[in-house]
Amino acid sequence: MLKKDDKKNEKKREKEIDKLVKKLTLDEKIAMIHGASLFRSGAVERLGIPAIETSDGPMGVRAEFMDDRWIPLGNQDDMVSYLPSNSALASSWNTELAYKTGRILGAEARGRGKDVILAPGINIKRDPLCGRNFEYMSEDPALTRAFVVPFIKGVQENDVAACVKHFAVNVQETDRLMVDEEIDERTLYELYLPAFKAAVQEAETYSVMGAYNKINGTHCCENKKLLDEILRKEWGFDGAVISDWGGVHKTKEAAACSMDLEMSIFPDFDDYKLANPLKELVEKGEVSEDAVDAKVRNLLRMMYRLKMIGSKKDSRKAGVYNAPEHREAVLHAAEESMVLLKNENHILPLDAKKIKKLAVIGANAVTLHSNGGGSAEIKALYEISPLAGLKMYLGGNIEVVYVPGYYVPAKPKTFEVNWQAASLDDLKNTTVGQPPRDEAGEADAHRKGEEERLAQIERDKIEIHEKNQALFEQALALAKDADAVIFVGGLNHDYDCEGSDRPDMKLPYEQDLLIDELLKVRKDTILTFVGGSPVEMPWREQAQTILWSYYAGMETGNAFAKIIFGEVNPSGKLAETFPAKYEDCVTAKNGQFGNWGKIALEEGLYCGYRYYDRQRIKPAFCFGYGLSYTNFEYSGLTLKAEKGKDVKLTFTVKNVGKQAGAETAQIYIAPIAAQVDRPDKELKTFAKVELGAGRSKKVSLTLKQEDFMYFDTQLHKFIADAGDYEILVGASCEDIRLRGIATLS
Ligand code: BGC
């Protein structure tokens, strides 16, 4: 399927693969298709087939672990660039940054000797409480697709495979190993699959990670419909499918479908489902050796593409990590990712000349986030906190006074380790590692661990309340006495974390109480947040200034200071809705999130802005929203049907303010007389334009016929109805500036 492999080379490669497969013994083939260490497959030295070295993703290359235990080696040579999270990247709406960030990730992975980087994570954000949302891009498939394609291309330019994850519908962490997600076909095809399809067909990803969860009763890593019918047959994928760690449950089923490499969190490598248990079934004749060969072929094909084997081995790229130019690119991405949510009375940007004493209040001014979150944790070469960024920016003539404002309890011992180690800890009383795997025991252990975590959060609340009395007083006194007050709060990886979902959408540690008090003494308090997922902002009407940053990488503090002082004009826009309160979410209403055992995606297509639109519910900040220090005007929409089918549109964006800035214009399609129920409007494309003060630019974009389509379950294909469609050009999904009609014949 790869366009870039010309036919002749492809034939030659397939012949070589066939030859190799013939030479391999069953034992050798079995060794290749399962983990021989926590992050490495088995090698066949006799034939020059190396092990496949993998590492997490997506915010940089993870530190080295022991081969058979989740204990970091503590090396001094595995620090890396800490890159903006996928949620930060997507809120830049600048796809060039996805390419550049992917390219850095690939170069650093290769530089660290890796073959597969377990990234990017692209699951659709269905509920704001999902613990891993910070690793994902958006609630919208078109935006995710626009980012995943350049990201993967950037990674793979370095002779490193992207492993796009988690395929598919991995939308919650609660009961993540066992939860069964009931989803209808149309929703699957229209919302949850398009970005994966683009990763395969447009970005030509070399590998895909099967998710932990079940879809309609079958685990993704054993799901014939998902892996064979959709991924291989419909999309033509010929690369490697790697299981999520511990995602394979049944030998026969995993053998019978396109699950090529089983990885897990346990050290009993020989007992993995695709190890001895599979070998025995082949020897007994219950599974044909051809099934094993097919997996080996897919892995070898990926290895050829990576130049791990074959005639191009000597030209494989070497990669580089921590290159100085990586820092520049990471800074730039961070700058474009931050979202200005409110800025009344032009409080921002601050004028440093008018400040003698600056108050900085809140734990996230000094919290470092790189080393947390689960498998996305990074051992960063460095990470600049917002406070450090402010001080570095201002120099020594301004007094910058920091107080924590609120109390953050130290993590209980059990949470100090990463998710994988913690889960092993939870599982120690089960028969883990002894086939057959005790899945009921595992689920039970996971549930107990989760209950304990929630109980700990409740216990912590008492201590937080006690300690906060003095901290609040100190913060309020400082706020009264300073020329400007910056609050830096938000979340951290105790909340945005793999393996568990957030208990609610509130800011933890009584931050809301502190913010209320701060706004009473200083109306002009600049409220800033670092976090990986939306929070309720009950005080947002009173607040004058709100700036939001996702986990934006090692240059977060520098980007933050440049925005606060106006050296950078903010241009990020939300890639997900910030609901006013959790109860407004469709999942809160239908109760189909965070349950154990089973969830039904009853809302169908109506997730994210599609739901708020339909129900006329006003979120706190809508999808696509974000302010700038300048203003933009839109004008002159023209629509032209091209080649009978494509619709070409042009319009003009003008910067009508006094300083340069960038605006993202978003194109939504609203079917007027659809033959089936369709969302009120859906994002299809967008353009980010940089404009000097007073300048304007004509934007030209094309809507393809596929942009008008929906999935017809009877015909099992995407179709478009003839008729009128409203084309909406918006500064956000609520702020539609231009409208026109396109007619499909
Ligand atoms: C996560 C994956 C990760 C893998 C390896 C799993 O627990 O779900 O995203 O790549 O571990 O660390």
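Residue numbers count from 1 along this sequence. Just follow the structure's listing: the first ligand is 1, and inside any ligand the first atom is 1.
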Problem set entry | Close-contact set for ligand 1 against Phe39 heavy atoms, below 4.0 Å | 5 (C), 12 (O)

Problem set entry | Salt bridge present between Asp67 and Arg40 (N-O < 4.0 angstrom) | yes

Exercise. Are a donor atom and an acceptor atom from the side chains of Tyr136 and His166 found within less than 3.5 Å of each other?
Worked result: yes

Problem set entry | Arg132, portion touching ligand 1 at heavy-atom distance under 4.0 Å | side chain

For this session: Answer yes or no: are there more than 12 heavy-atom neighbours, outside Lys307 itself, under 6.0 Å from its atom NZ?
Result: yes

Exercise. What atoms of ligand 1 come within less than 4.0 Å of a heavy atom belonging to Met209?
Worked result: 10 (O)

Seminar exercise, completed: Counting from 1 in the order shown, the ligand 1 atoms closer than 4.0 Å to a non-hydrogen atom of Trp245 are 4 (C), 5 (C), 11 (O)

Problem set entry | Plane angle bin for Phe134 and Tyr551 - parallel if under 30°, tilted between 30 and 60°, otherwise perpendicular | perpendicular

Exercise. Counting only heavy atoms not in Glu451, do more than 12 sit closer than 6.0 Å to its CD atom?
Worked result: yes

For this session: For Ser375, take its heavy atoms, then give the atoms of ligand 1 lying under 4.0 Å from any of them.
Result: 1 (C), 2 (C), 3 (C), 9 (O), 12 (O)

Problem set entry | Qualifying residues under side-chain hydrogen bond (donor to acceptor under 3.5 Å, both in side chains), relative to Asn223, sequence neighbours excluded | none

For this session: Check whether any N or O atom of Asp56, backbone or side chain, sits under 3.5 Å from an N or O atom of ligand 1, and answer yes or no.
Result: yes

For this session: List every atom of ligand 1 that sits less than 4.0 Å from any heavy atom of His166, numbering the atoms from 1 in the order shown and giving each element.
Result: 2 (C), 8 (O), 9 (O)

For this session: Please indicate whether any nitrogen or oxygen in Asp244 is less than 3.5 Å from any nitrogen or oxygen in ligand 1.
Result: yes

Exercise. Hey, which atoms in ligand 1 end up nearer than 4.0 Å to a heavy atom of Tyr212?
Worked result: 6 (C), 7 (O), 8 (O)

Exercise. Is ligand 1 under 4.0 Å from a heavy atom in the side chain of Lys165, in the backbone, in both, or in neither?
Worked result: side chain

For this session: Compute whether any side-chain donor of one residue and acceptor of the other, for Glu377 and Tyr82, lie under 3.5 angstrom apart.
Result: no

Problem set entry | Interfacing atoms of ligand 1 (cut-off 4.0 Å, heavy-atom, Leu118) | 10 (O)

For this session: Just let me know how Arg176 lines up against ligand 1, side chain, backbone, both or neither, with a heavy-atom cut-off below 4.0 Å.
Result: side chain

Exercise. Counting from 1, what ligand 1 atoms have a heavy atom of Arg62 closer than 4.0 Å?
Worked result: 12 (O)

Problem set entry | salt bridge (charged side-chain N to carboxylate O under 4.0 Å, His left out) assessment of Arg176 paired with Glu498 | CA-CA 10 Å; Arg176 66 178 185 155; Glu498 180 176 344; 3.0 Å; yes

For this session: To the nearest 0.5 angstrom, please state how far the CG atom of Asn170 sits from the CD1 atom of Ile122.
Result: 11.5 Å

